[in-house]
Number of protein chains: 2
Amino acid sequence: MAQKENLYFSPLKTLSKKAMSTKMEESIQSIFQLPQVVLAEVCDAFKPLDLPKIFFLLRSGKICHNIWFVQSGLTRHFYVDDRGKERNTWFTVENNFTTDIPSLLNQQPARENIQLLEDSIIYAIAYSDVQKLQQKHHAFCIWYIKMLENNYFHQIEQRIDELQFMNATERYFNLLKKEPSFSQRISLGNIASYLNISQETLSRIRNEKPTF
Amino acid sequence: MAQKENLYFSPLKTLSKKAMSTKMEESIQSIFQLPQVVLAEVCDAFKPLDLPKIFFLLRSGKICHNIWFVQSGLTRHFYVDDRGKERNTWFTVENNFTTDIPSLLNQQPARENIQLLEDSIIYAIAYSDVQKLQQKHHAFCIWYIKMLENNYFHQIEQRIDELQFMNATERYFNLLKKEPSFSQRISLGNIASYLNISQETLSRIRNEKPTF
DNA sequence: ATGCTTTTTTGATGTAGGTCAAAACACTTC
DNA sequence: GAAGTGTTTTGACCTACATCAAAAAAGCAT
């Protein structure tokens, strides 16, 4: 799974403000209705980026400074274990916020990499701006709490459940149910890694071959 | 693991306000320094309870209305799986906040039970009061965000890691390192359930007997 | 101390899913 | 279309840990 990643270490292309879609505004407002002034400020803090497949939003070892909103496209979060194997921990699909929590909150080097699996339109907000907005606007705090609660907690609690209480087959079909598009968009190997199943076993599950 | 739980279905004993320790105040202030007025209001919203071992803070099927602060004592979170087996999902030790997120946030029946493993002093705040405080005090929002971030995220991300990337032996020693007191305070069976290991295997791990 | 209950340990056996190696398939690119 | 690269499938074998059953130990009440 060696990537031609270095090709893409060019500076981020920035979309014009005008090209900034209202889709993100909608996403923001659907979480909690912000006053127009605050909304404008929040949107202004999010910088739109048009990025190619294979680009790294975050590299292991670097400190994470952003929260991202995936407007279109797909990311995978992974780290390299002590045996050199890439381990996927998360995918973020369009209309979701994402970041690396441990690195962001403690401003410490990230274990995770965040890489694009598809050409994507991403809005990035600096964590320093998030903190400023928190200080400045009470309404933003409320929005932020709800964003964490809806977006983050829910998903993460489910993930624990899957890992703790489902077997390989159940994990796979559970994922298919939640994210039907994944089987087309993400390679078997990447899905297997996320589900903590070997490629071979996932292949057998997919083809309903019993392990005999 | 049949409990004599019903013995304790008496109304909650409430401690006098005077008995309310400053320990919780300290815990609150250590997360984020609140203005005196706000702090007073927050403390006032937390009701102290002196509860016996085996008491249930939350029962599966009920809607969770509170966030709790464990001043002293210990809780276990568990649910009963489809085969009738109790599955521990979490322990909360003194000086930590706890609740059942899925039930609290969506005000839906809980899957989890939260039960005391020791006589405990618990401070309970109604979620409705949390929401009122959020609306009323900007500072409280900031405190709340930090509380979630420090308290919750960090622990929960670690939990995913343990489940996804560690084997049984690693999970056990990792827990011992993080919570050395657990081996004294919590029965082997309860620890095994939390670690998602059978009692027998955990017993062998503890006694360094290889599985042959 | 003497039961009685609950928890922990030990041993024997079973199985889900991992690992290794090779073949089959699917893509790009020339 | 052939060659090259990456991905998926297949088969043989292995291992970590579960399950079942029974014994031993530890907590309790009386």
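Every chain is numbered from 1 and lettered A, B, ... according to where its sequence line falls, protein lines coming before strand lines. In this text the structure is predicted, and so the values were computed from the model without any measurement.
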Between A:T169 and B:L188, which has a closest nucleotide on DNA chain C that is more 5'? B:L188

Residues in ring pair (Phe, Tyr, Trp, His ring centres under 6.0 Å) with B:Y152, at least two apart? A:F153

Check ring pair (Phe, Tyr, Trp, His ring centres under 6.0 Å) between B:W143 and all other residues, then give those that pass, not counting sequence neighbours. B:F97, B:F140

Between the protein and nucleotides 19-25 of chain C, are there any N/O to N/O pairs under 3.5 Å, and if so, what are the atom names and distances?
{"from": "C:dC20", "atom 1": "N4", "to": "A:E200", "atom 2": "OE2", "distance (Å)": "3.0"}

Testing B:T92, B:I54, B:I122, B:L74 one by one against B:L116 for a side chain to side chain contact (heavy atoms under 4.5 Å, CB included), which residue passes? B:I122

Between [atom2] of [N] and [atom1] of [X], the distance in whole Å:
X      : N      : atom1 : atom2 : answer
B:I54  : C:dT6  : CD1   : C1'   : 13 Å
B:L195 : D:dA18 : CG    : P     : 10 Å
B:I197 : D:dA18 : CD1   : P     : 7 Å
B:F165 : D:dA16 : CZ    : C1'   : 18 Å
B:Y172 : D:dC17 : OH    : P     : 15 Å
B:Q184 : D:dG27 : CD    : C1'   : 16 Å
B:I191 : C:dT7  : CD1   : P     : 13 Å
B:L163 : D:dC17 : CG    : C1'   : 15 Å

It should be established whether B:N207 places a side-chain nitrogen or oxygen under 4.0 Å from OP1 or OP2 of nucleotide C:dT9. yes

When the rotation axes relating C1' atoms of four end pairs to the next four are compared across the helix from C:dA1-D:dT30 to C:dC30-D:dG1, five pairs an end, they differ to 10° by 50°

Closest listed nucleotide, where the reference is the side chain of [X] and the choices are [options]:
X      : options              : result
A:S187 : C:dT9, D:dT7, C:dG18 : D:dT7
B:Q199 : D:dT8, C:dT10, C:dT8 : C:dT8
A:N167 : C:dT9, D:dT8, C:dG17 : C:dG17

Pairs involving residues 99-110 of chain B, ordered by first then second residue, that meet side chain to side chain donor-acceptor pair (under 3.5 Å) (sequence neighbours left out): B:H65-B:Q107

Would you mind reporting whether A:E149 and B:I101 have side-chain heavy atoms less than 4.5 Å apart? no

Assign A:L202 to base, sugar-phosphate, or nothing according to its heavy-atom contacts below 4.0 angstrom with the strands shown. nothing

Contacts of type side chain to side chain contact (heavy atoms under 4.5 Å, CB included), residue A:K178, not counting sequence neighbours: A:Q158, A:E162, A:N174

Between B:F182 and B:F91, does the ring centre distance come in under 6.0 Å? yes

Between B:K47 and B:D129, is the closest basic N to carboxylate O distance under 4.0 Å? no

Between B:E157 and A:R111, is there a side-chain N and carboxylate O pair less than 4.0 Å apart? no

